[in-house]
Participant: 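My structure is below; once you've seen it, I'll send some questions.
Everything quoted here is computed from the prediction, not taken from an experiment.
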Amino acid sequence: MTDTGWPLASIIGGLSLGLLMAGVVSPWAGRAIQRYGGRPVLSGSSVVLGLGLVSLALSRSLTVYLVSWVILGLGMGIGLYDAAFATLGRLYGASARTYIAALTLIAGFSSTLCWPLSAYLIQHYGWRASCVAYAALHLGLSLALHLLLVPSAKSAPVDEQMRMAPSLARSETSQFYVLAIVLTLIAAISAIMSVFIVTILRQTGADSTSAIWMASMVGPSQVGARLIEMSFGHRYHPIWTLICTCVLVTLGISLLPIGGPFAMMAVIAYGAGIGIAWIARGTVPLALFGPDEYAIRMGRLAFPSLIAQAAAPTFGALLLNSYGLRTILIMLFFGALLALLATLWLQRVTLANKSPPLP
């Protein structure tokens, strides 16, 4: 954004501000979906995201730019994966696992489509026109799809809503909080890797072209892993999907410093792990705690994850500048290892409780 003259840190800070806003509103989004269903909430997200993008396109001052990201953060908090998962759980209950896997598979192609489209629009029309184009997609296509394709759900009675808070508090055992830690660690690792993976690959010996090419394999690896999960996931408990996520992410990070031919193996393992992480994010809470009040739990689980996603890139940049790449890789490895150990504890508790697998 050389035409604005704004500091780069402030420009990037807009995204962090948006993610912070998304985290703040996510518990409210979960409660709204639990009470009214996902159709009005997801439809509202299309409107809010469209307005936020129009505001971003029209921003002529840094203040308006940052306010626009606050609006976009509100739209993200009520309209991205967690809200969609909550909607599916509200609609289909314990049978939502298949729909969650299918949703993540389709969404896996978003970067494949949107990165080239964004590059074309920016190159030929500029970033402001690109924002308007995406706003039109949200206000036109996305809004129409939400209104036409998302089934309406019967609103929960007010007295049931009054009962939810205390009953949910009682049900939030140590499993819930350990799961929140695992999902937050994975979200933080994903946020840091998405920003620094090319830098990491270059500093481990790859040239610029090879680093970018290898980093681009994260997307296909995600889609491939989701295809496998969608084909065979119904045969095992979702906790095993989360275990595979942690194993693959830990393996990928541990192979990165070796470089050479192991770099590609590292990217593929990491991409596959992150790919099925989103499926586990929606299916594990459903399997552990059941469909009752699932939307509320998804909203609460989303809160720390989105906060971590907002803060992690800045934290990673500070580590890189102060302590170097080795420190980042060590912290990423131990974060992934901690997530794996916590997930193995969850699996042991699940077996002890004899939780049945989802259909």
Side-chain angles (χ1 to χ4, degrees), residues 1-22 42-81 83-84 103-149 190-191 193-199 208-209 211-220 222-223 306 309-310 313-314 317:
M1 295 185 181
T2 55
D3 62 321
T4 64
W6 302 330
L8 180 61
S10 298
I11 294 173
I12 297 175
L15 175 58
S16 296
L17 187 62
L19 289 170
L20 284 172
M21 182 63 181
L42 294 178
S43 300
S45 74
S46 296
V47 175
V48 175
L49 287 170
L51 294 177
L53 285 166
V54 170
S55 177
L56 194 67
L58 298 176
S59 59
R60 297 295 175 180
S61 69
L62 184 58
T63 300
V64 175
Y65 172 82
L66 294 176
V67 170
S68 301
W69 270 108
V70 172
I71 299 172
L72 288 170
L74 173 60
M76 290 189 289
I78 64 176
L80 296 186
Y81 265 138
L103 173 65
T104 60
L105 178 62
I106 295 170
F109 293 99
S110 60
S111 58
T112 304
L113 296 173
C114 292
W115 279 113
L117 175 61
S118 299
Y120 174 84
L121 289 173
I122 292 173
Q123 181 179 356
H124 290 85
Y125 303 103
W127 70 271
R128 296 183 187 274
S130 302
C131 290
V132 173
Y134 278 113
L137 288 175
H138 279 291
L139 295 171
L141 181 61
S142 295
L143 179 59
L145 290 175
H146 285 144
L147 292 173
L148 294 174
L149 299 183
S190 174
M193 287 290 288
S194 65
V195 174
F196 295 105
I197 187 169
V198 173
T199 301
S208 179
T209 302
I212 293 172
W213 180 78
M214 283 190 287
S216 70
M217 293 303 296
V218 170
Q222 289 179 329
V223 173
L306 288 167
Q309 285 180 276
T314 301

Participant: Output all residues satisfying ring-ring contact (aromatic ring centres under 6.0 Å, His included) with Tyr134, sequence neighbours left out; order by chain, then residue number.
Facilitator: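 Result, ring-ring contact (aromatic ring centres under 6.0 Å, His included) vs Tyr134: none returned.
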Participant: Once rounded to the nearest 0.5 Å, what's the spacing between atom OH of Tyr81 and atom CG of Leu306?
Facilitator: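 Tyr81 atom OH to Leu306 atom CG measures 13.5 Å (nearest 0.5 Å).
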Participant: For Ala83 versus Ile78, what's the shortest heavy-atom pair and its separation?
Facilitator: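 Minimum heavy-atom contact is CB-O, 3.4 Å.
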Participant: Can you measure from CD1 (Ile11) to CG (Leu62) and round to the nearest 0.5 angstrom?
Facilitator: 8.0 Å
Participant: Output a table of donor-acceptor pairs, distance under 3.5 Å, between side-chain atoms of residues 44-51 and any protein atom two or more places apart or on a different chain; print 'none' if there are none.
Facilitator:
residue	atom	partner	partner atom	Å
Ser45	OG	Leu42	O	2.5
Ser46	OG	His146	ND1	2.9

Participant: Drop me the distance from Tyr65's OH to Leu58's CG, to the nearest 0.5 angstrom.
Facilitator: 14.5 Å
Participant: Do the side chain of Ser59 and the main chain of Leu56 share a donor and acceptor less than 3.5 angstrom apart?
Facilitator: yes
Participant: Got a second to check how far Met21's CE is from Leu19's CG, nearest 0.5 Å?
Facilitator: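 Output value for this atom pair is 12.0 Å.
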Participant: Ignoring hydrogens, what is the shortest heavy-atom contact between Gly14 and Leu66? Give both atom names and the distance.
Facilitator: CA-CD2, 3.9 Å
Participant: Which atoms form the tightest heavy-atom contact between Val195 and Pro313, and what is the distance?
Facilitator: CG2-CB, 4.0 Å
Participant: Examine distances only and state if a side-chain atom of Ser16 and a backbone atom of Ala310 form a donor-acceptor pair shorter than 3.5 Å.
Facilitator: yes
Participant: Hey, could you give me the CG/CG distance between Leu137 and Leu53, rounded to the nearest 0.5 Å?
Facilitator: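 Leu137 atom CG to Leu53 atom CG measures 9.5 Å (nearest 0.5 Å).
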Participant: Quick one: CE on Met76 to CG on Leu20, what's the gap to the nearest 0.5 Å?
Facilitator: 9.5 Å
Participant: Please report the closest heavy-atom contact between Ala84 and Leu103, naming both atoms and the distance.
Facilitator: CB-CD2, 3.6 Å
Participant: Mind checking whether Val223 and Leu105 have side chains closer than 4.5 Å, heavy atoms only?
Facilitator: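 The answer is yes; the side chains approach within 4.5 Å.
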Participant: Give me the atom names and distance for the closest heavy-atom approach of Leu143 to Ser43.
Facilitator: CD1-O, 3.5 Å
